[in-house]
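Reviewing the structure listed below.
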Amino acid sequence: MTAHQNAGTPPDTRADRAPLHRGRRRPPVRWIVHGVLFVALAVGIFGLLPRLGGLTRDAAGLRHARPAFLAGAIVAQALSLGCYAQLYRRVLAALGARIRFRLAADVILATFFVSHLTPFGSATGTVVNASTLETEGIAAATTGEAIALTSLTSTIALIVLFGTGFAATAGRHVSHQYLVIAGIAMFLVVVVLATVLSVGAHPAVAGQAGRWAASVARHVRPGIDPEKAAETSRRLASLARTALTGRAFLASFGFAAGDLLLDLLSLDLVFLAVRYQPGFGPLAVAYAVANIASAIPVTPGGLGVIEVTLVAISVGFGAPRATAVLAVLGYRIVNYWLPLPPGAVAYLRLRLRPGADGKRKGKGKPAAPQAC
């Protein structure tokens, strides 16, 4: 989850900085451009894709979708988000920081809301996350480490899911299109797995990788310090070897797997709502490949990337194109759009809660100053 400007920083921490007055109009213009692009992308995906799938002829089939399965998909999605919140809590606990489930759920929903509205918005979501937990006395550095380790655990679970689904599809008749996509995905999975294992096992390698990544990112954002990034990467690798071992790793991996499996169940239930059952193997491969492809933050929340990938692989496994498009778009409504309203409520609740001005609740102790 290339950083945008800290949208979560309280206005009073920026008011006395003269250089910002000259560029004050730029953030609103940027947000307007992002908003226009976001709406255009959403309209394109949910307007053009059905036409490519032939749903203009079969739209009447929507009236016959089974509502019980759609309701089940929504419940599964809510439970999936709950598992992710529990995963985040477990990782924080492994780092010595404990928070209530309600707070973890609010933070996850608010981060989801912010990061799914603009490309590269995960950086802004991270700021919301860090600034909220600072009011609980948790250092921003610890929050950043928890976010990184949470993402690492989820990635490992996703790779395991892909491998399981790939094995379950052995011997099935598939199209050439699927073989090409699955081959590319398998290559990416092997690269990611090798990178995770080598970096996680050797802090020195992690430091070199962090320095290289920061050097590349510095061309886009000059303020990035490669040496600081290298030190952070080494520390994260060391933490991964100490904090996430034994029972701590098993518990975290269990919640990560629960998050992915419940999300996958949500997709399966939407397929069942339109009276089609792809099977666990094909659905797991399609789901894992789509999430791997969406890891590159080109669009907010993988909007467009996930839809096209899920449809292509589902059709490659024999699903009727119109059915696949209908099911995937229904799933994305449940997975992407429905959590946005509660995410907005959670975001407002966090911004308006006592202590959101940078002071820890009930103790009057200022939190560590935020970087602008």
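Values below: every heavy atom of this structure, side chains too, minus hydrogens, waters and symmetry copies.
Membership of the apolar cluster around Leu81 extends to Leu109, as traced through chained side-chain contacts below 4.5 Å between ILVMFWY residues.
How far CZ of Phe249 is from OG1 of Thr153: 6.5 Å, rounded to the nearest 0.5 Å. To the nearest 0.5 Å, atom CG of residue Leu92 and atom OG1 of residue Thr150 are 6.5 Å apart. We find the CD-CG distance between Gln77 and Leu262 to be 9.0 Å, quoted to the nearest 0.5 Å. Remark: Glu307 CD to Tyr336 OH distance equals 8.5 Å, nearest 0.5 Å. Put simply, CG on Leu338 and CZ on Arg332 are 12.0 Å apart, with the number rounded to the nearest 0.5 Å. Atom OG1 of Thr143 and atom CD1 of Ile138 lie 6.0 Å apart (nearest 0.5 Å).
The closest side-chain heavy-atom distance from Asn129 to Tyr88 is below 4.5 Å. In this structure, the side chains of Val270 and Phe69 stay at 4.5 Å or more apart for every pair of heavy atoms. In this structure, Val160 and Leu260 have side chains that are not in contact, with every pair of non-hydrogen atoms separated by 4.5 Å or more. Side-chain contact between Ile313 and Pro282: absent, with no pair of heavy atoms (C-beta onward) separated by less than 4.5 Å. Val75 has its side chain within reach of Leu79: a pair of non-hydrogen atoms, C-beta onward, lies under 4.5 Å apart.
Side-chain atoms of Ser314 do not come within 3.5 Å of backbone N or O of Val311 as any donor-acceptor pair. A donor-acceptor contact shorter than 3.5 Å is absent between the side chain of Thr309 and the backbone of Ile306. A donor-acceptor distance shorter than 3.5 angstrom exists from the side chain of Ser252 to the backbone of Ala248, with no hydrogens or angles considered. For Gln277 (side chain) and Gly279 (main-chain N/O), a donor-acceptor pair under 3.5 Å exists by modelled atom type. Of the possible donor and acceptor atoms, one in the side chain of Arg89 sits under 3.5 Å from a partner among the backbone N and O of Ile99.
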Evaluate Phe112 against Leu340 for side-chain contact (heavy atoms from CB on, under 4.5 Å), listing each step before the verdict. CA-CA 7 Å; Phe112 184 101; Leu340 289 180; 3.9 Å; yes
Begin from the C-alpha positions of Ile147 and Thr111 and carry the test side-chain contact (heavy atoms from CB on, under 4.5 Å) through to its verdict. CA-CA 11 Å; Ile147 292 171; Thr111 303; over 6 Å; no
Should Arg100 and Glu136 be marked as a side-chain contact (heavy atoms from CB on, under 4.5 Å) after you check the CA-CA gap, both sets of side-chain angles, and the distance that decides it? CA-CA 10 Å; Arg100 303 178 307 278; Glu136 299 291 319; 4.0 Å; yes
When you look at Asp106 and Tyr347, which way does the side-chain hydrogen bond (donor to acceptor under 3.5 Å, both in side chains) test go after all the steps? CA-CA 7 Å; Asp106 279 348; Tyr347 177 80; over 6 Å; no
Full working for side-chain contact (heavy atoms from CB on, under 4.5 Å) between Leu149 and Leu95: CA-CA 10 Å; Leu149 293 179; Leu95 297 177; 4.1 Å; yes
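For the pair Gly343 and Phe113, the tightest heavy-atom approach, listed with the atom from each and the gap, is C-CB, 3.6 Å. Closest approach of Val91 and Ala146 over heavy atoms only: CG1-O, 3.6 Å. Taking both residues in full, the closest heavy atoms of Ala73 and Ser266 are given as O-OG, 3.0 Å, listed atom of the first, atom of the second, then distance. Of all the heavy atoms in Gly281 and Thr169, the pair that sits closest is C-CG2, 3.4 Å. The two residues Phe271 and Ala324 make their nearest non-hydrogen contact at CE2-CA, 4.1 Å. The heavy-atom pair separating Gly165 from Val285 by the smallest distance is C-CG2, 3.4 Å.
With sequence neighbours left out, Asn291 forms a side-chain hydrogen bond (donor to acceptor under 3.5 Å, both in side chains) with no residue at all. Partners of Tyr331 according to the side-chain hydrogen bond (donor to acceptor under 3.5 Å, both in side chains) rule, which considers only residues two or more places apart in sequence or in another chain, are Asp263, Asn335.
Leu310 and Leu329 fall within a single hydrophobic cluster, where Ile, Leu, Val, Met, Phe, Trp and Tyr are joined by side-chain heavy atoms under 4.5 Å apart, directly or via other members. A continuous path of ILVMFWY side-chain contacts below 4.5 Å connects Val325 to Tyr276, so both sit in one hydrophobic cluster. There is a path of hydrophobic side-chain contacts, each under 4.5 Å, that joins Leu158 to Leu261. Hydrophobic clustering (side-chain heavy atoms under 4.5 Å, transitive across Ile, Leu, Val, Met, Phe, Trp, Tyr) keeps Leu161 apart from Leu269. Using a 4.5 Å cut-off between side-chain heavy atoms of Ile, Leu, Val, Met, Phe, Trp and Tyr, with links allowed through other members, Phe255 and Leu152 fall into the same hydrophobic cluster.
Between Phe166 and Phe162, the distance from one ring center to the other falls under 6.0 angstrom.
Side-chain contact annotation: Ser80 with Asp259, donor-acceptor N/O pair under 3.5 Å present.
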